[in-house]
Enquirer: 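If you scroll down you'll find the structure; I have some questions about it.
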Amino acid sequence: VHEIATGRGLTEKQAAELLGGGPFTARQAREAGLVDELAFYDELVGSLQERHKGSFVLAKGYGQKPERPMPLGTGPQELLKMVLGVGGAQPEDGLPPGPTIAVLYAVGPIVSEDPDEVLLGESVVNVERICGILRKLRERDSVKAIVLRIDSPGGSADASDIIWHELRRADQVKPVIVSLSDVAGSGGYYIATGGRLIYAEEGTITGSIGVIGGKLVLKGLFDKLGLTVDVFERGAHAGMFSVMREFSDSQRERYRRLLTETYDIFLERIVTSRKQPLEEVKKLAQGQSLTGYQAQQGKLVDAIGGLSDAIEAARVAANLPADVQVSVVRLPRPQSVIDVILWGRNELRLRHSVLQALPAEALPAIHYLTALRCMEGLSLIHISE
């Protein structure tokens, strides 16, 4: 209480009241004086550059020694280069030099960070990964348009909002066309609104404009198992998400406010992107699932069509004549077993557990693969004919 009061210029009584009133959304925290400004990361960097006339980047792992790839020897690695296609005439980042349309796949639940346990072949839409690719595509002059192919039931609202913002930034530089696959619901539709045009199949399941949340209460289960749990807490809502009891009336109201504000922001994004009145959007919201045909009738989708239609629309939007040779790049490339071993989402736990299970004879090949992958540059890019 003392440190918050001192840092934010409040009395200790005011700071204590704020602690008892949380948790807050970002907007609520700003209104309460707990934070000064709300901004996406690029807006923060731009503000710092403007204020201090300097260049700022996010330095991850600052002060830590970078991992050094194992040195390459001679012999087997040359064969692996041929098999993996490393070291060819391809540009360093894997993108062709001529006019290019990039098809970016967003497949799986939308997450802020990858889950701890990942099955081979499982896919998620990682906000950091997909936004990193979008930034590279936005900055690359040879990429004339971006097609976002979505097959996602949704996920994290915060992650969806960040991806939406990055898509809007990209669309200010070059056309971003969206293609909905089987499912683009909730957060899947949220990010779709970041593009200037949305294509869907007639049977696509989309919409589901809503926010849900809650918690599991396990006290009854613990009682049956004979387990006793003691909870120590300070603050009216410190134990808000405890699995040992249901929400109190004040906690339930606080959580309802959090969900309501998140839902309101979702609606704001759709109104801004689709240029539709709020009341019209609300008629199709409240968690309703729609077919692609219904979404088009409600102006949540622009046209009925598949991925090839979206690619053609991207060509037209980028003013690329029909007689110009255009490369279509699909990314991120699918993960192979080697990718999971070497560059798994949960790097340390997954990589170590897999490596320990491999026979000792396989480790030299793994070392060569690791070194080769470190030479690939942007390993997320894959050229498709």
Side-chain angles (χ1 to χ4, degrees), residues 1 3-48 50-51 58 110-113 125 127-128 131 154-169 171-172 186-194 208-215 235-241 247-282 284-287:
V1 170
E3 297 298 338
I4 292 176
T6 302
R8 302 307 302 173
L10 304 170
T11 66
E12 293 197 1
K13 180 181 179 181
Q14 290 172 322
E17 289 175 350
L18 287 173
L19 280 174
F24 301 91
T25 64
R27 291 181 178 182
Q28 292 166 355
R30 180 180 60 180
E31 292 172 1
L34 293 176
V35 300
D36 297 295
E37 299 178 33
L38 304 184
F40 288 98
Y41 175 70
D42 61 281
E43 296 170 338
L44 169 63
V45 171
S47 175
L48 289 172
E50 185 176 336
R51 293 178 192 177
L58 177 63
I110 300 170
V111 297
S112 297
E113 55 186 26
V125 182
V127 60
E128 184 174 344
C131 287
S156 166
D158 287 338
S160 299
D161 197 45
I162 293 171
I163 296 171
W164 175 88
H165 174 72
E166 203 63 51
L167 287 165
R168 298 283 288 180
R169 288 184 69 205
D171 190 60
Q172 293 173 1
S186 192
Y189 181 72
Y190 195 136
I191 65 175
T193 60
S208 190
I209 301 166
V211 180
I212 63 171
K215 69 173 181 177
H237 300 149
M240 182 168 169
F241 295 103
F247 289 125
S248 67
D249 290 342
S250 63
Q251 290 172 348
R252 186 178 296 276
E253 179 57 30
R254 168 57 57 177
Y255 195 49
R256 188 182 300 277
R257 287 177 59 188
L258 295 175
L259 296 179
T260 298
E261 181 161 315
T262 303
Y263 177 62
D264 289 342
I265 294 173
F266 194 168
L267 294 178
E268 288 176 17
R269 301 309 192 209
I270 298 173
V271 169
T272 299
S273 303
R274 303 300 302 165
K275 297 179 175 57
Q276 294 294 314
L278 177 60
E279 293 306 316
E280 293 300 316
V281 173
K282 284 183 175 180
L284 299 173
Q286 302 178 47

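The model shown is predicted, which means the values in this text are computed figures rather than measured ones.
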Enquirer: Could you point out which residue of Thr262, Asp264, Thr260 forms a side-chain contact (heavy atoms from CB on, under 4.5 Å) with Val211?
Expert: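 Of all the options given, the one that passes is Thr262.
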Enquirer: Using a 4.5 Å cut-off on heavy atoms from C-beta on, say whether the side chain of Leu18 contacts that of Leu34.
Expert: yes
Enquirer: Can you name the residues that form a side-chain hydrogen bond (donor to acceptor under 3.5 Å, both in side chains) with Thr193, not counting sequence neighbours?
Expert: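 Here the qualifying residues are Trp164.
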Enquirer: Kindly compute the distance separating CD (Glu12) from CD (Glu3), expressed to the nearest 0.5 Å.
Expert: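 Separation between the atoms: 9.5 Å.
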Enquirer: Partners of Arg254 by salt bridge (charged side-chain N to carboxylate O under 4.0 Å, His left out), sequence neighbours excluded?
Expert: none
Enquirer: The criterion is ring-ring contact (aromatic ring centres under 6.0 Å, His included); which residues satisfy it with Phe24, sequence neighbours excluded?
Expert: none
Enquirer: Applying salt bridge (charged side-chain N to carboxylate O under 4.0 Å, His left out), which residue pairs with at least one partner in residues 23-39 are found, sequence neighbours left out?
Expert: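 Only Arg8-Asp36, Arg27-Glu268, Glu37-Arg51 qualify under salt bridge (charged side-chain N to carboxylate O under 4.0 Å, His left out).
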Enquirer: Any ring pair (Phe, Tyr, Trp, His ring centres under 6.0 Å) involving residues 257-279? Give me the pairs, sequence neighbours left out, ordered by first then second residue.
Expert: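 Counting only pairs at least two positions apart or across chains, the ring pair (Phe, Tyr, Trp, His ring centres under 6.0 Å) contacts touching residues 257-279 are Tyr190-Phe266.
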Enquirer: Distance from Gln172 atom CD to Arg169 atom CZ, nearest 0.5 Å?
Expert: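 It comes to 8.0 Å.
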Enquirer: Below 4.5 Å, heavy atoms only, C-beta onward: do Ile110 and Val127 meet side chain to side chain?
Expert: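 A side-chain contact is absent here, since even the closest heavy-atom pair is not under 4.5 Å.
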Enquirer: With sequence neighbours left out, write down each residue that passes salt bridge (charged side-chain N to carboxylate O under 4.0 Å, His left out) with Asp158, or none if nothing qualifies.
Expert: none
Enquirer: For residues Ile191 and Leu167, report the shortest heavy-atom separation together with the two atoms involved.
Expert: O-CD1, 3.1 Å
Enquirer: Considering all heavy atoms of both residues, which atom of Val1 and which atom of Ala16 are nearest to each other, and what is their separation?
Expert: CG1-N, 4.1 Å
Enquirer: What closest approach, in Å, do Ser186 and Gly210 show between heavy atoms, and which atom pair accounts for it?
Expert: OG-O, 3.6 Å
Enquirer: Mind checking what makes ring-ring contact (aromatic ring centres under 6.0 Å, His included) contact with Phe40, not counting sequence neighbours?
Expert: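 Result, ring-ring contact (aromatic ring centres under 6.0 Å, His included) vs Phe40: His165.
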Enquirer: Give me the atom names and distance for the closest heavy-atom approach of Lys282 to Gln286.
Expert: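 Scanning both residues completely, I find the closest heavy atoms to be O-NE2, 3.5 Å.
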Enquirer: Can you see which heavy atom on Ser156 is nearest to which on Ala159, and at what distance?
Expert: OG-N, 3.1 Å
Enquirer: Distance from Ile270 atom CD1 to Tyr189 atom OH, nearest 0.5 Å?
Expert: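 Ile270 atom CD1 to Tyr189 atom OH measures 5.5 Å (nearest 0.5 Å).
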Enquirer: List for me each residue that meets side-chain hydrogen bond (donor to acceptor under 3.5 Å, both in side chains) alongside Gln14, sequence neighbours excluded, and say none if there are none.
Expert: Thr11
Enquirer: Determine the minimum heavy-atom distance between Pro23 and His237, stating which atoms define it.
Expert: CD-CB, 4.5 Å
Enquirer: Can you tell me how far apart OG (Ser250) and CD (Glu253) are? Round to the nearest 0.5 Å.
Expert: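 Taking OG in Ser250 and CD in Glu253, the distance rounds to 9.5 Å.
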Enquirer: Taking atom OG1 of Thr272 and atom CZ of Arg274, what is their separation to the nearest 0.5 Å?
Expert: 12.0 Å
Enquirer: What residues form a side-chain hydrogen bond (donor to acceptor under 3.5 Å, both in side chains) with Glu280, not counting sequence neighbours?
Expert: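 Here the qualifying residues are Lys283.
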Enquirer: Please identify each residue that fulfils salt bridge (charged side-chain N to carboxylate O under 4.0 Å, His left out) with Glu128, with sequence neighbours left out.
Expert: Lys60
Enquirer: Under the salt bridge (charged side-chain N to carboxylate O under 4.0 Å, His left out) rule, collect the residues that match up with Arg168, sequence neighbours excluded.
Expert: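 Checked Arg168 against salt bridge (charged side-chain N to carboxylate O under 4.0 Å, His left out); zero matches.
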Enquirer: For Glu279, give me all partners under side-chain hydrogen bond (donor to acceptor under 3.5 Å, both in side chains), at least two apart in sequence or on another chain.
Expert: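 Applying side-chain hydrogen bond (donor to acceptor under 3.5 Å, both in side chains) to Glu279 gives none.
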Enquirer: For the pair Lys215 (side chain) and Met240 (backbone), establish whether a donor and an acceptor sit closer than 3.5 Å, ignoring hydrogens and angles.
Expert: yes
